[in-house]
Peer 1: 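Next up is a structure, given as structure tokens.
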Amino acid sequence: METQHVSLVISDLDVHILTAPDESRPHWVSHFIVPRANEVLVRLRTNEGHEGFGLATSYTDVSPIVSVFHSGLAEQIIGMSPLAPERIHRKLLDLTATRLAHEKGWGREALVRICAAVDLACWDLIGKVANLPLYQIFGGYRAQVPCYVTCAYYREGKDLAELREEMQALVAQGHRGFKAKVGGLSVAEDFARMEIVREVIGPDRDLMIDVNRAWDLKTAVEAARLFESLNPIWLEEPVRWMDDRRELKLLSQRTTIPLSAGESELTSYGCRALLEENAIQVLQFDCTMFGGFTEGRKLAALCELNHVDVAPHHDCFIHAQLVASSPAGRIVESFPDPERDPLQAELFENPPKIADGWLTLNDAPGLGLTLSQAAMEKYGERLYSTR
């Protein structure tokens, strides 16, 4: 068996959950409430004093993820080299198909999320050891990336006048791209909402429309024909989950609107299958939900070779490193409203600058991000540590 001769090893780790109180007036997409903050933060430290962190995003209860650490997962990581993220990622992912995972009660989704957080932490460490930002290590294609804002959520009592005011405020902030939510009302009602969005942002700013997997195929075909007049840049996750890969392909043959998907896949193999269907023009994987940068880099390369754009889901300050590194990188998603996403607003002391529709990456090494101690105390709770 091959032996890895390295002196730098992971010596300890700790795990925090990051949560925010539920809203009195929550933000809805087509059929579920999106959490304001629900992430697992993993910090890795080495025997030589280096430290890196990674995040895992979850739309479900995070306690099964944390319980995996309490039942011995750290033993699988301690002593390994953070400079070998491929090796660590493969080891953790392979656990999903072992008797050990069954005996320990380690669920597949929990292990996949942990893979993401640990992998991102390893890459953060690699950048810090090399004293380079990750976008340069990954390819250094550019130091700025386009950035859009996700908006137009459903909320209790929200009428068209409030929607108009929301969009006017976002335009005044200088945003150039806007992704609006549909699928929670009839197609006619949602079209009226999107007409207002397009009217307020004007014809020269980008509009994306996100269905969050709410429509059956017939409804998706009907809606796509109607929404074509609004000139959307893409139609995101338009069909329900049950047969979405095949239905995306069928829908793509019946609309001129580019289709996007990927955030709901559990693995990079699922994203690969989306590409193989030749149905989408934009892939929206999430490195904080599966694979980290180890898998994200492979998907970005696959997208470049297949002429598909990369527009990752969520966590713009993390995903910007990958989007900036590749010619396939198109844009990142932001949530500038602290009420919707307090972590984007507060988690980092040095967030990259977003202005006029562009995000400018920091020159600091690794992820280029410094965690705010105040935010960690406000939203974080340490639930596990090897120290």
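For reference, positions follow the sequence shown, starting with 1. Quantities reported herein were computed from a predicted structural model and do not represent experimental measurements.
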Peer 1: Between atom NE2 of H313 and atom CG of D210, what is the distance when rounded to the nearest 0.5 Å?
Peer 2: 8.0 Å
Peer 1: Assess whether atom NZ of K298 is packed by more than 12 heavy atoms of other residues, nucleotides or ligands within 6.0 Å.
Peer 2: yes
Peer 1: Ion pair present between R213 and D244, side-chain N to carboxylate O less than 4.0 angstrom?
Peer 2: yes
Peer 1: Return yes if some donor-acceptor pair links the side-chain N/O of R113 with the main-chain N/O of E109 below 3.5 Å, else return no.
Peer 2: no
Peer 1: Are the side chains of P342 and R36 in contact, using a 4.5 Å heavy-atom criterion?
Peer 2: yes
Peer 1: I'd like to know if K181 and E236 make a salt bridge, using a cut-off of under 4.0 Å between side-chain N and carboxylate O.
Peer 2: no
Peer 1: Take E51 and L371, measure what side chain to side chain contact (heavy atoms under 4.5 Å, CB included) needs, and give me the verdict at the end.
Peer 2: CA-CA 12 Å; E51 181 175 314; L371 291 167; 5.7 Å; no
Peer 1: Is a donor on one side and an acceptor on the other found under 3.5 Å between the side chain of S11 and the backbone of T46?
Peer 2: yes
Peer 1: Taking CZ in R142 as the centre, count heavy atoms belonging to other residues, nucleotides or ligands within less than 6.0 Å. Is the count above 12?
Peer 2: yes
Peer 1: Considering only NZ, NE, NH1 and NH2 on the basic side and carboxylate oxygens on the acidic side, decide whether K218 and E222 come within less than 4.0 Å.
Peer 2: no
Peer 1: Side chains of L347 and Y379: closer than 4.5 Å at any heavy-atom pair?
Peer 2: no
Peer 1: Where does the angle between the aromatic ring planes of F227 and F191 fall among parallel (under 30°), tilted (30 to 60°) and perpendicular (over 60°)?
Peer 2: parallel
Peer 1: Check whether F53 forms a cation-pi arrangement with R43 (NZ or CZ under 6.0 Å from the six-membered ring centre, at most 45° off the ring normal).
Peer 2: no
Peer 1: Atom OH of Y148 and atom CZ of F335: how far apart are they, to the nearest 0.5 Å?
Peer 2: 7.0 Å
Peer 1: Does CZ belonging to F32 count more than 12 external heavy atoms closer than 6.0 Å?
Peer 2: yes
